[in-house]
Amino acid sequence: VFDRKGVAASGPMKINGFPATVSWTRPPGPNAKATATLATELDDDGREKLGIKLGTFLQGPAKITADISGLGDQAQTFAVTADLSRSEMAISAISWYRPPTKGTTASFTYENDGDAGRKIDNLVVKGPGLSIKGDVLLDATGGLKSADLSQVWLNDDNNFAMKMTPGDNGQSAHIHGSPFDARPFVASIFSTSASATPRHGPAPPTPHIPPPHSPLPPPPGQGLTAS
């Protein structure tokens with residue numbers, strides 16, 4: 001479509017072999033910026049091909065809608081919503097696993113700044129018995145640089161804040177808040193069975209829980225608890 005409002009186009013396309021639908025618009029004017037809305041479903045292979053390396057945190061198909069601004073610029077911004085009802089989730093550093101659960105969704109702003117890296121701002125993952133909020137930094141290849149999660153509410157026994165960085169043997173997790181149920185993590189240390197391991201993930205590495213002199217101590221009255 002071409003009229004006084006600019007140029008618009010929509011239709012099916014493929015992204016690295018995966019079917020998608022795209023709506024593209026560009027308003028009139030020499031300095032106008034094009035925008036697009038993309039809808040698709042990506043599995044583990046599809047996300048990997050796009051440089052989205054989530055590891056065991058998210059596995060399985062996810063329906064994604066992305067509003068893209070800054071087309072043609074080096075730094076592009078994506079406002080993303082996702083249906084995670086058919087996806088498995090795991091935080092290996094604390095031995096937490098969640099099977100596919102209806103009603104699980106995610107929303108965030110994704111910015112790709114080329115060689116400078118990528119970032120995920122205002123991440124909100126929610127669903128029955130689940131709320132995760134925070135920001136994530138990725139390197140230029142899509143690998144994790146750091147995750148600063150202001151809220152990790154997994155159930156009544158686990159409601160805390162967490163910072164994650166890559167460690168020598170996987171993820172290093174700095175946890176503060178109350179409560180934190182360490183029993184699944186402790187069980188994973190001593191268990192020789194696969195029951196304490198996410199179904200498709202590797203054995204969880206040891207998390208880093210800050211000692212009292214750490215830069216991230218629990219606030220007064222908010223120490224780590226395990227029972």
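The figures that follow rest on heavy atoms only: side chains count, while hydrogens, waters and symmetry mates do not.
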Q. Would Trp96 and Val152 satisfy side chain to side chain contact (heavy atoms under 4.5 Å, CB included), going step by step from the backbone distance to the final call?
A. CA-CA 11 Å; Trp96 174 78; Val152 181; over 6 Å; no

Q. Could you walk me through whether Leu84 and Leu58 pass the side chain to side chain contact (heavy atoms under 4.5 Å, CB included) check?
A. CA-CA 9 Å; Leu84 307 181; Leu58 184 74; 4.1 Å; yes

Q: Report the C-alpha distance between Asp135 and Lys119 in whole Å, list the side-chain angles of each, state the deciding distance to 0.1 Å, and finish with yes or no for side chain to side chain contact (heavy atoms under 4.5 Å, CB included).
A: CA-CA 8 Å; Asp135 303 308; Lys119 62 181 180 178; over 6 Å; no

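Considering only heavy atoms from C-beta on, Thr77 comes within 4.5 Å of Thr109 through its side chain. In this structure the side chain of Met89 reaches within 4.5 angstrom of the side chain of Phe57, judged on heavy atoms. Put simply, the side chain of Asp121 does not reach to within 4.5 Å of the side chain of Leu123, judged on heavy atoms. Contact annotation: the side chain of Arg86 approaches that of Glu41 to within less than 4.5 Å [non-hydrogen atoms, C-beta and beyond]. When side chains are defined from C-beta on, Leu42 counts as touching Ile64, because their heavy atoms get closer than 4.5 Å. The shortest side-chain heavy-atom distance between Tyr97 and Glu88 falls under the 4.5 Å cut-off. Inter-residue side-chain proximity for Met162 and Ile91 is flagged as met; some heavy-atom pair is nearer than 4.5 Å. Inter-residue side-chain proximity for Phe108 and Val125 is flagged as unmet; no heavy-atom pair is nearer than 4.5 Å.
In terms of modelled atom types and a separation under 3.5 Å, the side chain of Asn158 and the main chain of Trp153 share no donor-acceptor contact. Ser87 contributes a side-chain N or O that, together with a main-chain N or O of Pro61, makes up a donor-acceptor pair within less than 3.5 Å.
For Thr81, the side chain to side chain contact (heavy atoms under 4.5 Å, CB included) partners two or more places apart in sequence, or in a different chain, are Thr65, Ser107. The side chain to side chain donor-acceptor pair (under 3.5 Å) test applied to Thr25 returns Thr35, not counting sequence neighbours. Not a single side chain to side chain donor-acceptor pair (under 3.5 Å) links Thr101 to another residue, sequence neighbours left out. Residues satisfying the salt bridge (Lys or Arg N to Asp or Glu O under 4.0 Å) criterion with Arg98, sequence neighbours excluded, are absent altogether. Partners of Ala79 by side chain to side chain contact (heavy atoms under 4.5 Å, CB included), not counting sequence neighbours, listed by chain and number: Asp67. Checked against side chain to side chain contact (heavy atoms under 4.5 Å, CB included), Ser146 has the following partners two or more places apart in sequence or in another chain: Leu137, Thr165. Here Asp83 pairs with nothing under the salt bridge (Lys or Arg N to Asp or Glu O under 4.0 Å) rule; sequence neighbours left out. Annotation: side chain to side chain contact (heavy atoms under 4.5 Å, CB included) contacts of Lys133 (sequence neighbours excluded): Val124, Ser131, Ser150, Gln151. Here Phe78 pairs with Tyr110 under the ring-ring contact (aromatic ring centres under 6.0 Å, His included) rule; sequence neighbours left out.
Here the CD1-NZ distance, from Ile175 to Lys163, works out to 13.5 Å after rounding to the nearest 0.5 Å.
Listed by first then second residue, pairs satisfying side chain to side chain donor-acceptor pair (under 3.5 Å) with a partner in residues 42-51 read Asp44-Arg47, not counting sequence neighbours.
Between Pro27 and Ala32, the shortest heavy-atom contact is O-CB, 3.1 Å. Nearest heavy-atom pair, Thr104 versus Pro128, reported as atom, atom and distance to 0.1 Å: OG1-CD, 4.3 Å.
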